[in-house]
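The structure appears below as structure tokens.
Along the sequence shown, the residues carry numbers beginning at 1.
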Amino acid sequence: MSEARLSAVDAVEAHVRTYFEGHPVEAVDPDLGPERRDVVPGLRVLVVGPGRRGGAWAYVTAGCWAAA
């Protein structure tokens, strides 16, 4: 994956962590299997738990644009 794409994934994660400050945030690298992982090598799913911004869970994908 290029440095620009990795930086973009990191920037999205940093934004989510800042926006949801005080919420638990976990970055998950989903098991896509080898063929799909080659298509979207930097895909992460950010799992945001309930907190002061709301009582629901949020799931944010970062890195999907690598498939385009």
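- With sequence neighbours excluded, no residue satisfies salt bridge (Lys or Arg N to Asp or Glu O under 4.0 Å) with Arg36.
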Donor-acceptor pairs under 3.5 Å, side chain of residues 23-35 to any protein atom, not counting sequence neighbours: which ones?
unit_1	atom_1	unit_2	atom_2	d
His23	ND1	Gly49	O	2.7
His23	ND1	Gly51	N	3.1
His23	NE2	Arg52	N	3.4
His23	NE2	Arg53	N	3.1
Asp31	OD1	Gly33	N	3.3

Give the table of side-chain donor-acceptor pairs shorter than 3.5 Å for residues 54-61, with sequence neighbours excluded, one pair per line with atom names and distance.
none

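- Across all their heavy atoms, Val12 and Ala62 have their closest contact at CG1-CB, 3.8 Å.
- Under a 4.0 Å N-O distance rule, the pair Asp10/Arg17 does not qualify as a salt bridge.
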